[in-house]
Every structure is written in C-alpha cells, then in structure tokens.
Amino acid sequence: MNRQTRGGRLSRRELLRGVSLAGAAVGIGSAELERLIRAGRVIAKGDTLVVSQDTSVQTFDPQIVYDNTVRITRGIYETLVALDGSTPRIIPKLATAWSASPDVKQWTLTLRPGVKFHDGAALTSEAVKVTFDRLIKINRGFAYAFKPVVASIETPDAMTVRFNLKDSDAAFLAKLASISGGLVVSPKAVAEHASGDDLAQGWLRDHAAGTGPYMLERWDKGQQQVTLSQFPGYWGGWQGSHFKRVIFQIVTEASTQRLMLERGDADIATVVAPDLIDALAKQPGIKIAENPTMRIFYIAMHCQREPLKDPKIRQALSYAFDYDGARQAIFNGRLAPLNGPLPENDPAHLVTAKPYKLDLAKASQLLSESSRPKGGFTLSLFLFQGDPTFRKAAEILQAGLKELNIQVTIQEMTSSVLLDKAGKPETAPDLLPVRNYPDYADPSAMIDATFGRDSWGTAGWNFSFYANDRVERLLAGANQITAPMRRLQMFREAQLVIVAEAPAIFIGTLINRVPMRSDIQGFSYNPLLGNTFDLYGIHKG
C-alpha cells in the first residue's frame with residue numbers, strides 16, 4: 001500500500017482500496033478507519049496537527065473537564081501559573097507575580113496586562129473570581145482541591161486577585177498550575193450564556209472562550225472531530241514555528257489509531273496498548289517519545305458497599321492479583337513499581353517493600369477471617385470501552401478471584417456512561433480499573449484526589465469511596481505547614497494507613513510512550529500534567 005505523502009492526499013478511492021490491504025498487513029480490522037475516510041476525516045497538511053484522541057468529548061467546560069479532554073482544553077484555556085517544561089518549577093502564565101502571607105492562608109497574584117479572551121473580553125481579576133467561584137459551585141473534578149480551602153476571593157483592583165483560605169495551604173500555588181478546573185474562562189461568556197443557575201454549563205459544553213493560543217473552531221459531534229485554530233490575538237504571539245490548526249479525531253479503537261499513524265493520516269496517537277506501540281516503533285517514519293511518569297495504575301474497590309466494605313476482603317483481593325504477570329502481559333515489562341498511592345518518583349512515596357504480591361494462600365487465609373469466609377459472591381467491574389490494558393487487568397483479577405470462589409462480572413461502556421455511573425456510590429461498580437496522575441506538583445495531589453473524603457466519585461477521583469479520619473487529619477496537617485521533612489513524614493504515615501486498609505489494588509506506575517510521526521518537533525511531556533502535551537510548542541520539522 002502506498003503511504004500518504006506529507007502535505008498531499010491520496011484520492012478517496014485509493015484510500016478505501018488500501019484499507020483492507022493495510023488491515024491484512026498488520027492483522028487488524030479496518031471498519032473504523034474506513035468510516036473515517038468515507039466521512040472525509042483523513043487529513044495531512046504541513047500546517048495542521050492531527051491527533052488521534054482516545055477519549056470522547058463530553059464537554060469543553062474548563063471547570064468540569066477532568067479526563068483526557070484536557071489535551072484539547074489545554075490549548076484553549078490557560079492557568080494563572082504554569083509548570084516549566086518537564087519540571088515541577090512554577091513559572092508565570094496569566095499571573096506575572098505572586099506572594100503569600102507567612103501562614104500561607106492568603107495568596108495574592110498580579111495579572112498579566114493586555115491579555116484578551118477569544119470573545120474579546122479583557123483578562124481582569126473579575127475573570128479569575130468568576131472562574132474559581134464557578135468551579136467551587138459546580139463542584140466537579142478538580143473542585144476538590146479548592147472547595148474545602150477557599151474562604152473568599154477578593155479583587156482589590158482590575159489586575160490583582162487575592163485568595164483568602166480557610167486554612168493554611170502550602171500547596172495552593174501548585175494547585176493553581178493544574179490543567180484541570182482552574183483554567184480561566186471569560187466572565188463575559190459566562191454572564192451572556194447562563195441559563196438559570198447553570199453558570200453557562202450548557203453553552204460551554206459546546207463552545208469555548210479562553211485566553212489560550214487556539215480557539216475552538218468546530219466540534220463535529222457526528223464525526224467526532226474537534227478542530228482548533230490559531231487565536232490571532234494571543235498574548236504570546238505567533239513568532240516561530242506553530243501549527244495553524246489542530247484536529248483531534250476521536251478514535252477509541254487502538255488498532256485504528258495505529259493504522260492511521262502508519263499511513264500518515266495522524267501525526268500523534270494516544271494509544272496506550274503496549275503491543276501496538278512496540279509494533280509502531282519498528283515502522284519507518286515513526287518515533288516514540290518515552291518518559292517516566294507519575295501516572296499510577298490500580299483497581300479501585302468500593303469501600304462503602306458490602307462485601308468490599310470489609311478490609312479483610314479487600315486485603316484478600318490484593319493478594320489474589322498477579323502483579324508480575326500483569327507487568328509482562330499488559331505492559332511488556334514497561335511498568336514501574338507502585339507500593340501505595342504515590343509513584344516512586346514522588347519524594348513522599350513509600351520506601352518499604354511492596355506490601356502486596358500474588359499469594360493465594362495468604363488471600364485464602366484473609367478471606368477465611370472475613371465476613372464472607374467461603375467467598376461465594378459476585379463483584380461487578382466496569383471498563384472504559386476499547387482499552388485493552390484495562391481489559392487484561394480485569395481478566396487477570398477475574399482469574400485470581402475465581403480461585404477464591406469469587407466471581408467477577410465485567411461490563412464495558414463508553415467513558416461518559418461509565419463516569420456517570422462510577423461517580424455516585426449507589427451506581428458505582430464494586431471494582432474499577434483506573435489510571436490516575438497528580439493534578440499538581442505536590443504529594444497531596446495524588447492522595448487527596450484518589451483517597452480523600454472530599455474527592456468521592458466525580459468530585460475528584462476517589463472511585464473507592466474511601467474515607468479515614470486519621471488520613472484526613474494527616475493530610476490536613478501536612479497542608480498547614482511548610483517544613484518539607486515533616487510534610488513528607490505525614491504523607492508517608494497517611495499512605496501506611498491507606499495501604500493497610502487496601503482500598504485499591506496497586507498495580508504499577510506507567511511509563512509514558514507517545515507514538516508520533518518522525519517529523520513532529522517540539523513535543524514536551526510533563527509527568528505532572530497528565531497525558532497531555534503543549535500544542536503551542538509543537539511543529540513539524
């Protein structure tokens with residue numbers, strides 16, 4: 001099959017004819033790619049970046065987006081402060097300066113002058129206040145980091161904003177650098193498009209009004225394609241090399257992403273299947289950006305529902321999982337260890353030996369000491385549609401639990417349906433495989449979001465619905481002091497409690513591997529910014 005050349009396009013007939021040949025060559029189906037071609041979605045231009053996106057868009061609302069749609073919203077909206085390249089160092093963004101009171105209960109920021117939103121409104125302190133008041137009121141996703149902490153927001157003048165906190169928060173500035181929740185939205189758009197008390201959620205689901213380098217040009221829901229175009233008035237300017245347009249094609253099938261990248265119909269793929277990435281690495285014209293991450297892989301266990309309400313049963317499940325087998329079978333050995341809620345490259349991670357390993361005898365003993373000593377029950381498990389890594393992990397657990405006379409029913413669903421169900425204790429599954437990364441550059445990020453009381457379901461990322469008073473006290477205490485070593489000690493104490501109560505099966509820490517065409521330049525990955533990349537900095541070389 002002829003490969004599409006850079007800057008050109010094969011005829012639709014040639015593309016369709018080549019699909020079956022390509023599918024046969026790589027041993028995969030081609031129905032989804034054929035559908036994309038017939039819809040006219042195969043694009044290759046030097047001034048356009050095409051990304052195969054693995055997650056369907058539910059909303060572009062910057063105060064709600066808390067999934068891989070952040071890859072898109074990161075190019076549309078901006079934060080007050082940001083992280084420098086691939087480091088945790090905080091640098092100016094929409095704010096140029098900041099200061100904190102000695103007790104870190106009050107934070108004051110000076111805004112960058114001359115910044116405009118895509119709708120023409122000027123960036124002022126009122127925009128920041130509207131953004132964070134809105135985030136707290138909506139109470140979705142990253143709101144968990146601000147709602148319990150922020151007492152009030154003042155606007156002393158148009159270019160100064162002051163956050164008054166209920167308690168000291170040494171991590172507050174790091175939270176402001178997160179790419180979730182705190183992306184600043186136009187107050188003009190919120191005011192003009194609000195309907196009742198929805199704070200313009202309806203309008204911002206389909207539209208956008210940020211200060212970022214790219215504007216939302218089009219969202220083709222039928223073809224699942226999002227198109228961004230350069231914002232001419234971007235404060236950062238357009239000197240140097242930048243894409244004029246960025247297209248996200250929603251492609252949930254990993255094999256189709258692979259085929260699109262091989263053909264040159266996509267520039268970057270977000271596929272996570274290690275086998276496919278290994279195969280892509282051998283293809284001419286393709287390179288793999290590989291970086292260590294802080295993205296943990298685990299299976300959440302519902303702590304508020306019987307029978308998993310019993311810690312003994314959760315501990316038994318933790319001993320029934322084949323960790324080494326999963327590392328090889330799912331990730332081809334490319335999986336770093338995980339001893340608890342924090343990955344190894346977090347300074348506060350547990351330095352003890354791995355607390356759980358495959359030991360069916362130990363699992364049987366713990367089960368015999370539990371409220372269901374003989375097993376004999378069934379657990380529900382939900383999967384994000386089309387993700388082979390989640391599927392394999394579920395099947396490995398299913399096989400292990402069968403040895404304990406515990407059945408697991410596996411149900412696969414779209415991300416929107418799954419998150420809606422998993423976000424509420426009453427409709428959540430017993431078991432949920434999850435990949436999660438810290439929202440900000442502080443150890444509190446992962447622990448708070450994954451196992452904090454205020455982060456249950458879609459209020460954060462605590463799909464275990466876990467809560468422990470001692471953990472809450474330790475986390476609160478660590479956030480109220482600035483002494484680094486004491487903070488690390490408190491975080492580690494909290495992790496010891498969490499690991500002992502086993503609200504999740506801690507599988508490992510992912511290694512970020514992003515396949516892309518060889519001519520893509522300027523790709524930058526920061527392990528604290530999730531599975532995203534800087535659209536403004538990428539270009540073709």
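Residues take their numbers from the sequence shown, with the count starting at 1. Just so it is clear, the model here is predicted, and its values are computed rather than measured.
Under 3.5 Å, the side chains of R162 and T108 contain a donor-acceptor pair of N or O atoms.
A distance of 6.0 Å or more separates the ring centres of F465 and F451. For F146 and F172, the gap between ring centers is short of 6.0 Å. Here Y525 and F523 keep their ring centres 6.0 angstrom or further from each other. In this structure, W456 has its ring center at least 6.0 angstrom away from the ring center of Y466.
Taking the charged nitrogens against the carboxylate oxygens, R134 and D198 have no contact shorter than 4.0 Å, which rules out a salt bridge. D448 and K175 are not joined by a salt bridge, as no carboxylate oxygen comes within less than 4.0 angstrom of a charged side-chain nitrogen. Ionic pairing of K221 and D206 is present here: one or more N-O contacts between side-chain nitrogen and carboxylate oxygen are shorter than 4.0 angstrom. Under the 4.0 Å criterion applied to side-chain N and carboxylate O atoms, D430 and R305 are assigned as salt-bridge partners.
The side chain to side chain contact (heavy atoms under 4.5 Å, CB included) test applied to T414 returns Q385, S416, V417, not counting sequence neighbours. A search for side chain to side chain donor-acceptor pair (under 3.5 Å) contacts involving D67 returns T69, not counting sequence neighbours. Considering only residues two or more places apart in sequence or on other chains, D454 meets the salt bridge (charged side-chain N to carboxylate O under 4.0 Å, His left out) condition with none of them. Remark: E493 pairs with R486 by the salt bridge (charged side-chain N to carboxylate O under 4.0 Å, His left out) rule, at least two apart or across chains. Remark: E412 pairs with R391 by the salt bridge (charged side-chain N to carboxylate O under 4.0 Å, His left out) rule, at least two apart or across chains.
A donor-acceptor pair is defined here as one N or O able to donate and one able to accept, closer than 3.5 Å; such a pair exists between the side chain of Q398 and the backbone of V408. Counting only distance, with no hydrogens or angles, the side chain of S168 and the backbone of D103 share a donor-acceptor pair below 3.5 Å.
Within 6.0 Å of NZ in K374 there are 12 or fewer heavy atoms belonging to other residues, nucleotides or ligands. For K354, the NZ atom counts as densely surrounded, since its 6.0 Å shell holds more than 12 non-hydrogen atoms of other residues, nucleotides or ligands.
Pairs passing the ring pair (Phe, Tyr, Trp, His ring centres under 6.0 Å) check and including a residue from residues 349-373, sequence neighbours excluded, read Y319-Y356.
Y440 and A171 make their closest contact through CE1-CB, 3.9 Å (heavy atoms, listed as atom of the first residue, atom of the second, distance).
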